[in-house]
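Below, chains carry the letters A, B, ... as their sequence lines are ordered, and counting in each starts from 1.
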2 protein chains.
Amino acid sequence: MLGNDEDVVEIPRRPGRRRDESKDDVIMTATRQLIAERGYEGMTMDAVAERAGTGKATVYRRWPSKVELTVDAVVCGRGMILTIDDVPDTGSLRGDLMSLRGIQDSGRNDALMSGLHAAAQSDPQVGKLFHEQFVTARMALMYALLERAQERGELLPGIDLEMVATIAPAMIAYRKVVAGKKVSAEYTERVIEHLVLPLATGERPDVQA
Amino acid sequence: MLGNDEDVVEIPRRPGRRRDESKDDVIMTATRQLIAERGYEGMTMDAVAERAGTGKATVYRRWPSKVELTVDAVVCGRGMILTIDDVPDTGSLRGDLMSLRGIQDSGRNDALMSGLHAAAQSDPQVGKLFHEQFVTARMALMYALLERAQERGELLPGIDLEMVATIAPAMIAYRKVVAGKKVSAEYTERVIEHLVLPLATGERPDVQA
DNA sequence: GGGTTTCGGAACTCGCTAGTTCTGTATTAG
DNA sequence: CTAATACAGAACTAGCGAGTTCCGAAACCC
């Protein structure tokens with residue numbers, strides 16, 4: 001040992017005004033809002049700075065480019081990637097899916113996805129990120145839920161798991177991104193009741209006839 | 001009657017070089033290709049003129065703006081809107097759907113849809129058009145096919161027709177636009193066999209078990 | 001205080017694209 | 001022939017957006 005000069009790098013505590021860390025959040029929030037409102041192409045760095053109430057220099061001091069800002073803004077939009085461990089086992093596929101109903105795609109992330117989709121087309125880096133966040137992750141979750149149900153013996157034999165796992169993300173994304181309509185909890189419920197459950201377990205919704 | 005000077009306007013047959021009508025097609029084809037390759041934002045009028053082998057002035061002499069060119073290029077991409085009358089009654093839902101398998105979204109229109117979707121975000125006029133061509137039209141066709149099947153008595157009772165009619169367009173658009181993968185005839189077939197038919201008629205694909 | 005860094009804000013540079021205009025040539029009617 | 005139109009191609013205008021730089025003020029360390 002050479003005394004108290006440890007491996008820990010001496011933080012020289014430089015002089016000068018300290019960076020206001022809270023601005024990071026403000027800027028990222030503004031970024032997410034603007035992507036949601038106008039899409040990636042429509043989001044300008046001027047607009048981000050204005051909405052965040054900062055100068056553009058402040059933005060560029062923290063993120064070197066529009067792409068990197070976008071990537072960070074989306075990745076740090078936490079609570080979006082759910083895994084099987086976030087969904088408590090309710091004992092039935094229906095219960096598991098219903099508990100997801102509201103959480104998946106709550107409110108404002110709706111528009112974010114749509115706007116970000118445009119970004120994915122323009123920039124391959126954003127595209128990769130979009131795919132991980134919005135495509136792979138959701139498919140994987142659905143797939144895991146279906147496997148859990150299969151272990152319970154709930155599923156019909158001969159199911160094409162991949163296809164069935166894709167239905168809900170596809171129906172929701174289609175309604176949102178392609179058709180441009182709102183995705184309500186009711187809609188999601190309808191997808192589960194009328195499509196996923198009948199296919200997976202054979203349960204059919206109540207028919208009064 | 002006042003003689004041969006009818007209501008038909010005398011075509012004064014003006015002097016000067018005649019407009020080469022064949023250029024219209026060349027320009028529209030170039031437009032469609034470029035939208036498919038680069039999306040609406042990525043398509044430039046310079047690129048259209050260059051690929052069409054014309055000057056920009058020639059393009060602007062025929063279409064006053066990028067938006068109008070795009071609209072025309074997409075609308076005149078004929079053979080895209082299929083109605084129930086284009087699908088001969090094969091006697092079964094499976095047969096009707098299978099006969100659509102290859103036709104729907106053949107080859108190059110794949111990329112066009114994807115590129116045009118971006119345009120729909122930017123310009124409301126293009127958006128409306130996109131919706132008519134790619135959303136409403138396809139849903140309506142599927143819906144009509146299902147109704148035909150219902151009249152045959154093929155369908156299970158208590159079916160949510162709207163949901164089922166949406167599945168195929170949603171799965172295809174999702175794979176194409178969101179996931180960014182190719183939509184092969186095999187994939188479409190899988191959607192029909194494993195999702196649409198089981199839901200609509202209860203037919204399940206062969207299981208060797 | 002003096003040196004240093006951050007701040008918001010504004011004024012820039014630079015490249016790209018929609019749309020226009022010009023240039024020289026070809027085509028057509030009278 | 002002449003006048004009018006269309007053509008390919010290039011030069012041009014005008015606006016917008018990413019990224020940079022400079023300003024005066026504020027905050028921080030010594």
Side-chain angles (χ1 to χ4, degrees), chain A residues 10-31 34-35 37-73 115 118-119 121-126, chain B residues 10-31 34-35 37-73 115 118-119 121-126:
Chain A
E10 270 286 303
I11 319 134
R13 195 60 209 94
R14 295 176 314 174
R17 179 170 175 171
R18 262 172 273 169
R19 182 175 292 192
D20 183 353
E21 301 296 342
S22 78
K23 292 290 165 62
D24 282 27
D25 278 335
V26 179
I27 292 169
M28 294 223 290
T29 301
T31 303
L34 286 163
I35 290 177
E37 287 169 24
R38 311 183 195 173
Y40 178 73
E41 309 278 2
M43 166 195 97
T44 71
M45 296 302 267
D46 287 274
V48 169
E50 190 192 339
R51 179 160 311 188
T54 77
K56 267 205 297 182
T58 304
V59 177
Y60 276 102
R61 201 173 291 120
R62 292 149 201 252
W63 289 275
S65 73
K66 180 176 176 179
V67 168
E68 307 219 19
L69 172 61
T70 305
V71 168
D72 262 31
Q121 308 302 113
S122 326
D123 189 288
Q125 204 172 334
V126 178
Chain B
E10 269 285 303
I11 320 132
R13 196 58 209 97
R14 295 176 311 174
R17 179 169 173 172
R18 261 172 272 171
R19 184 175 290 192
D20 183 351
E21 301 296 342
S22 78
K23 292 289 164 65
D24 282 26
D25 278 334
V26 179
I27 292 169
M28 296 226 288
T29 300
T31 303
L34 285 163
I35 290 177
E37 287 169 24
R38 310 182 195 174
Y40 178 73
E41 310 276 2
M43 166 194 98
T44 69
M45 296 301 268
D46 286 277
V48 169
E50 190 192 339
R51 179 159 314 185
T54 76
K56 268 206 297 181
T58 304
V59 177
Y60 277 102
R61 200 173 294 119
R62 290 147 202 255
W63 290 275
S65 73
K66 180 175 174 177
V67 168
E68 307 219 22
L69 172 61
T70 305
V71 168
D72 262 30
Q121 308 301 112
S122 324
D123 190 286
Q125 203 172 335
V126 178

Length of the line joining A:Tyr60:OH and D:dC22:C1', which is rounded to integer Å:
17 Å
Could you tell me the separation between the CZ atom of A:Arg38 and the P atom of D:dC16, rounded to a whole number of Å?
13 Å
Under 3.5 Å donor-acceptor pair, A:Lys56 side-chain atoms to C:dG8 base atoms
no
With B:Asp25 via side-chain hydrogen bond (donor to acceptor under 3.5 Å, both in side chains) - residues at least two apart
none
So, with a heavy-atom separation below 4.0 Å from DNA chain D, the residues of residues 39-50 of chain B are none
Strictly under 3.5 Å: I want the nitrogen or oxygen pairs between protein and nucleotides 25-27 of chain C, one per line.
| unit_1 | atom_1 | unit_2 | atom_2 | d |
| --- | --- | --- | --- | --- |
| C:dT27 | O2 | B:Arg17 | N | 2.9 |

Sort and list the pairs that fulfil side-chain hydrogen bond (donor to acceptor under 3.5 Å, both in side chains) and have at least one residue in residues 38-49 of chain B, not counting sequence neighbours.
B:Glu41-B:Ser122
Any chance you could measure B:Ile27, atom CD1, to B:Thr58, atom OG1, to the nearest 0.5 Å?
6.5 Å
Can you tell me which nucleotide in D:dA8, D:dA18, C:dC7 comes closest to the side chain of A:Lys23?
C:dC7
For the atom pair CE (A:Met28) and CH2 (A:Trp63), what is the distance rounded to the nearest 0.5 Å?
5.5 Å
Side chain of B:Thr54: nearest nucleotide among C:dT20, D:dA8, C:dT28?
D:dA8
Measuring from A:Ile35:CD1 to A:Leu69:CG, what's the distance to the nearest 0.5 Å?
7.0 Å
Tell me: CG of B:Asp20 to P of C:dT28, nearest whole Å?
10 Å
Considering residues at least two apart in sequence or located in another chain, which fulfil the side-chain contact (heavy atoms from CB on, under 4.5 Å) criterion with B:Ala49?
B:Thr54, B:Lys56, B:Val59
If you take all heavy atoms of A:Ala30 and A:Val48, which pair is closest and at what distance?
CB-O, 4.0 Å
Taking atom P of C:dT6 as reference, at what distance in whole Å does atom CD of A:Glu21 sit?
10 Å
Where along residues 61-70 of chain A does a heavy atom fall under 4.0 Å from DNA chain D?
A:Ser65, A:Lys66
Using five pairs at each end of the helix from C:dG1-D:dC30 to C:dG30-D:dC1 to define an axis, what is the angle between those two axes, to 10°?
0°
Pairing residues for B:Arg19 by the salt bridge (Lys or Arg N to Asp or Glu O under 4.0 Å) criterion, not counting sequence neighbours
none
Test: salt bridge (Lys or Arg N to Asp or Glu O under 4.0 Å). Region: residues 57-70 of chain B. Which pairs qualify, not counting sequence neighbours?
B:Asp24-B:Arg62
